[in-house]
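Every chain is numbered from 1, with letters handed out A, B, ... down the list of sequences.
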2 protein chains.
Amino acid sequence: MDKGETCPIVEAIREVGNENDLLVIRFLSDGSLGFNEMLRMAGTMSPKTLSNTLKRLQEKGIIVRNIVSTQPFRVVYSLTQKGMDLKIVLNDLKAWGSKWLMSSNPYSLTDNR
Amino acid sequence: MDKGETCPIVEAIREVGNENDLLVIRFLSDGSLGFNEMLRMAGTMSPKTLSNTLKRLQEKGIIVRNIVSTQPFRVVYSLTQKGMDLKIVLNDLKAWGSKWLMSSNPYSLTDNR
DNA sequence: CGGTATCCTATGGGATACTG
DNA sequence: CAGTATCCCATAGGATACCG
């Protein structure tokens, strides 16, 4: 491999290899969500951090912000095509996590390396 | 989806959704490497950070450290099966990165969303 | 609801020098 | 080569309160 600067994997890691980014992408992978909905899902993530993450992802063109109604005020975030194209990654992470991380799974005892 | 705590995707993100971890996994995805080799690949990563990352990944059982020879002293790191099972994720990231991130690609102009 | 503002702390991480 | 030690700083990020 080359030194990394022009490697698409490394580029991709630098673009979405961030825990908060990945979490938000995962939240939106099943459909659009509002700010507080995600905040609740995010466990310990603070509104400031979520806000920053959402801005970053918008700038990267991975999510879009949509004002659904003004009375009452309602906003939803959703994945763009660029974001949806990451679903396959999430899917593989799901398989990997199921195999290696869940304590109650058929692999963890027998296939532990 | 549930609130995240027991979701395998979220678990996986918390396990390997870290830029440095992902970078090292990518470096090792083509074969074993020594400390300084990775340091050179990592661009700006400092020895301290690389060292911490390697320790984290060993504790997670994603990589192993192997002393190849003592005279001269030579160590290599390699992926475990758990680590190798992440190659599919890297592969997807490669496809995604090629499609959406590389400036000179057939998609970026025409398929920009 | 959908955020922003402020405060404060931890810690991640670079640079560099050094050791076995 | 394979790291460890030290220093030093930026900034990520939690908690909380508040605003339109």
Item to check | Distance test, side-chain N/O of A:Tyr77 to OP1/OP2 of C:dG3, below 4.0 Å | outcome: yes
Checklist entry - How long is the line joining CG of B:Asp21 and C1' of C:dG13, in whole Å? => result 14 Å
Checklist outcome for this item: Rounded to the nearest 0.5 Å, the CE atom of A:Met38 sits from the CZ atom of A:Phe27 at a distance of 9.0 Å
Checklist entry - What nucleic acid atoms does A:Pro47 come within less than 4.0 Å of, heavy atoms only: base, sugar-phosphate, or nothing? => result base
Item to check | Rounded distance in Å - CG (A:Leu50) to P (C:dG3) | outcome: 9 Å
Next on the checklist: Between B:Arg74 and B:Glu37, does any NZ, NE, NH1 or NH2 come within less than 4.0 Å of an OD or OE carboxylate oxygen?
Outcome noted: yes
Next on the checklist: Would you say that more than 12 heavy atoms from the other residues, nucleotides or ligands in this model lie under 6.0 Å from the NZ of B:Lys94, or not?
Outcome noted: no
Next on the checklist: Distance check needed: D:dT11 C1' versus B:Glu19 CD, whole Å only.
Outcome noted: 14 Å
Item to check | Selected nucleotide, minimal atom distance to B:Thr49 side chain, candidates C:dT4, C:dG13, D:dT4 | outcome: C:dG13
Next on the checklist: Expressed as a whole number of angstroms, how long is the span from A:Ile67:CD1 to C:dC1:P?
Outcome noted: 16 Å
Checklist outcome for this item: Rounded to whole Å, CG of A:Asn66 lies from P of C:dC1 at a distance of 18 Å
Checklist entry - Toward the 5' end of DNA chain D, which comes first, A:Asn20 or A:Phe73, by nearest nucleotide? => result A:Asn20
Checklist entry - Could you state the CD1-P distance from B:Ile63 to D:dG3, rounded to the nearest angstrom? => result 10 Å
Next on the checklist: Can you tell me which nucleotide in C:dC1, C:dG3, D:dA2 comes closest to the side chain of A:Val75?
Outcome noted: C:dG3
Checklist entry - Got a salt bridge between B:Glu15 and B:Lys60, using NZ or NE/NH1/NH2 to carboxylate O under 4.0 Å? => result no
Checklist entry - Could you state the CG-C1' distance from A:Asn52 to D:dT11, rounded to the nearest angstrom? => result 11 Å
Item to check | Side-chain N or O of B:Ser51 closer than 4.0 Å to phosphate OP1/OP2 of D:dT4 | outcome: yes
Next on the checklist: Side chain of A:Arg65, heavy atoms from C-beta onward: which of D:dA2, C:dC1, C:dG3 has the nearest atom to it?
Outcome noted: C:dG3
Checklist entry - Can you check whether A:Arg40 has a side-chain N or O nearer than 4.0 Å to OP1 or OP2 of C:dC1? => result yes
Item to check | Distance, rounded to the nearest Å, where B:Phe35 contributes CZ and C:dG20 contributes P | outcome: 17 Å
Next on the checklist: By the 4.0 Å heavy-atom rule, please label A:Arg56 as base, sugar-phosphate, or nothing.
Outcome noted: nothing
Checklist entry - Of the candidate nucleotides D:dA2, C:dG14, C:dG2, which contains the atom at the shortest distance from the side chain of A:Arg74? => result C:dG2
Next on the checklist: I need the minimum non-hydrogen distance between A:Val16 and A:Leu22, along with the two atoms involved.
Outcome noted: O-CG, 3.1 Å
Checklist entry - Can you find a donor-acceptor pair, distance only, under 3.5 Å between A:Lys48 side chain and C:dG3 base? => result no
